[in-house]
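So you know, we letter chains A, B, ... as the sequences are listed, proteins then strands, and number each from 1. Values in this document were obtained by computation on a predicted structure and should not be read as measured data.
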2 protein chains.
Amino acid sequence: MDKKICDGNHEHCPAKITPDYDRLYDLSEFFKVFGDSTRISIISVLHEGGEMCVCDIADTLGISQSAISHQLRILRTAALVKPRRDGKTIYYSLDDEHVSEIYEVGLQHILHKRGEIEL
Amino acid sequence: MDKKICDGNHEHCPAKITPDYDRLYDLSEFFKVFGDSTRISIISVLHEGGEMCVCDIADTLGISQSAISHQLRILRTAALVKPRRDGKTIYYSLDDEHVSEIYEVGLQHILHKRGEIEL
DNA sequence: TTTACATATGAATACTTGTTCATATGTTCT
DNA sequence: AGAACATATGAACAAGTATTCATATGTAAA
């Protein structure tokens, strides 16, 4: 009952590929976290400025403390940032080296597309 | 009228950072494209299998031709894939080397988190 | 223990987005 | 020209999500 959409008589009919949907789902969820301007801004700020407290992030970005806190939770859950408490203040920093790497590659890509970088 | 949220008396009050919001918005839009399971599956399939036509992508993933076509448009608009017409058939492939790079780094990240890879 | 500060969170709302269904476009073959 | 095939697209609906507002938690100082 394999419902073929096309007749399969194409010149280029590639070898069967069996996608690992679990992996791909996790992967899309991972990238989804980068795909919001507030969250990528938080990542950017932590990437540039290193460890920073919530209110300084909010102040730097001009976004409400509540909104930042909500997004930090998502970033925390995804293990992209990690908190460190010092008294009343909680400092956040990037958790994983992959985060910086992906941020940088993505940035290079859009700078390249804008012609602001030669590569 | 610089409404400070915190009093700024923290031990670690970092140097002023001025985010480039235009860049960050573009960057988030870029990552947003990766952040959908259908689109990342398309990217995955093209990454593994190289150039492939629409109906083979749909067939491989078990997703309707219409849904694939809609998502291909988004990928095309973001310049992540490029089409090549051959008669009735349109073959798609990954457009930019950055796409593969980001896909691979992201995959490594989640495999690492799952403990399926040592790094 | 009150008061003030830093952060987190629940509920509600407004907005975005992915899929389906039906149909349109464009190509090839007869 | 007409039929069949491959892909694209518009409209509608459902589902997800980011922000705001109000408030709660937790910590430190008075």
message = Quick check on D/dA8: is either OP1 or OP2 less than 4.0 Å from any side-chain nitrogen or oxygen of B/R76?
response = yes
B/Y91 OH to D/dA6 C1', in whole Å, measures 11 Å
Between A/P83 and A/R76, the two heavy atoms sitting closest are CG-CD, 4.0 Å
Minimal heavy-atom distance between B/Y25 and A/S37, with the atoms involved, is CD1-CB, 4.4 Å
Out of D/dG26, D/dA8, D/dA18, minimum distance to the side chain of A/T38 belongs to D/dA18
Rounded to whole Å, the CG-C1' distance (A/L75 to C/dT7) equals 15 Å
When rounded to whole Å, the CD1 to C1' distance for the pair B/I63 and C/dT20 reads 13 Å
Here the distance between atom P of C/dG26 and atom CG of B/D86, to the nearest Å, is 18 Å
- request: Would you indicate, yes or no, if D/dT19 has its OP1 or OP2 atom less than 4.0 angstrom from a side-chain nitrogen or oxygen of A/Q71?
  value: yes
Practice prompt. Check if the side chain of B/S66 and the base of C/dC21 share a donor-acceptor pair of N or O atoms closer than 3.5 Å.
Written response: yes
A/I42 CD1 to C/dT7 P, in whole Å, measures 13 Å
*Would a distance-only check, ignoring hydrogens and angles, find a side-chain to backbone donor-acceptor pair under 3.5 Å from A/D86 to A/T89?*
no
When rounded to whole Å, the CD1 to P distance for the pair B/I90 and D/dT9 reads 9 Å
Sorted by position of nearest nucleotide on DNA chain D, 5' first, the leading residue of B/A67 and A/K32 is B/A67
When A/K88 and B/G35 are each assigned the nearest nucleotide of DNA chain C, the 5'-most assignment goes to A/K88
Side-chain contact check for A/C53: nearest option of C/dT7, C/dT28, C/dA6 is C/dT7
Considering just the side-chain nitrogens and oxygens of B/T89, establish if one lies under 4.0 Å of OP1 or OP2 belonging to C/dT27.
-> no
Considering only heavy side-chain atoms of A/V54, the closest of C/dT7, C/dG26, C/dC5 is C/dT7
When rounded to whole Å, the CG to P distance for the pair B/D59 and D/dC5 reads 16 Å
Between CG of A/D36 and C1' of D/dG16 the distance, given in whole Å, is 13 Å
Polar side-chain atom of B/R85 near backbone of B/G87 as donor-acceptor pair, under 3.5 Å: yes
Q: Assign A/I74 to base, sugar-phosphate, or nothing according to its heavy-atom contacts below 4.0 angstrom with the strands shown.
A: sugar-phosphate
Check: Is A/Y92 near enough to C/dA8 that one of its side-chain N or O atoms lies under 4.0 angstrom from OP1 or OP2?
Finding: yes
Under a 3.5 Å cutoff, is there a donor and acceptor pairing between the side chains of B/S44 and B/Y103? yes
Polar pair under 3.5 Å, donor/acceptor by atom type, side chain B/H70, base C/dT20 | yes
Testing C/dT9, D/dA8, D/dA18 for proximity to the side chain of A/R39, the answer is D/dA18
field: Below 4.0 Å: OP1/OP2 of C/dT9 and any side-chain N or O of A/R73
entry: yes
With a 4.0 Å cut-off, would you call B/R114 and A/D26 a salt bridge? yes
- Message: Looking at A/Q65 and C/dA6, is any side-chain donor or acceptor paired with a base atom of the opposite kind under 3.5 Å?
- Response: no
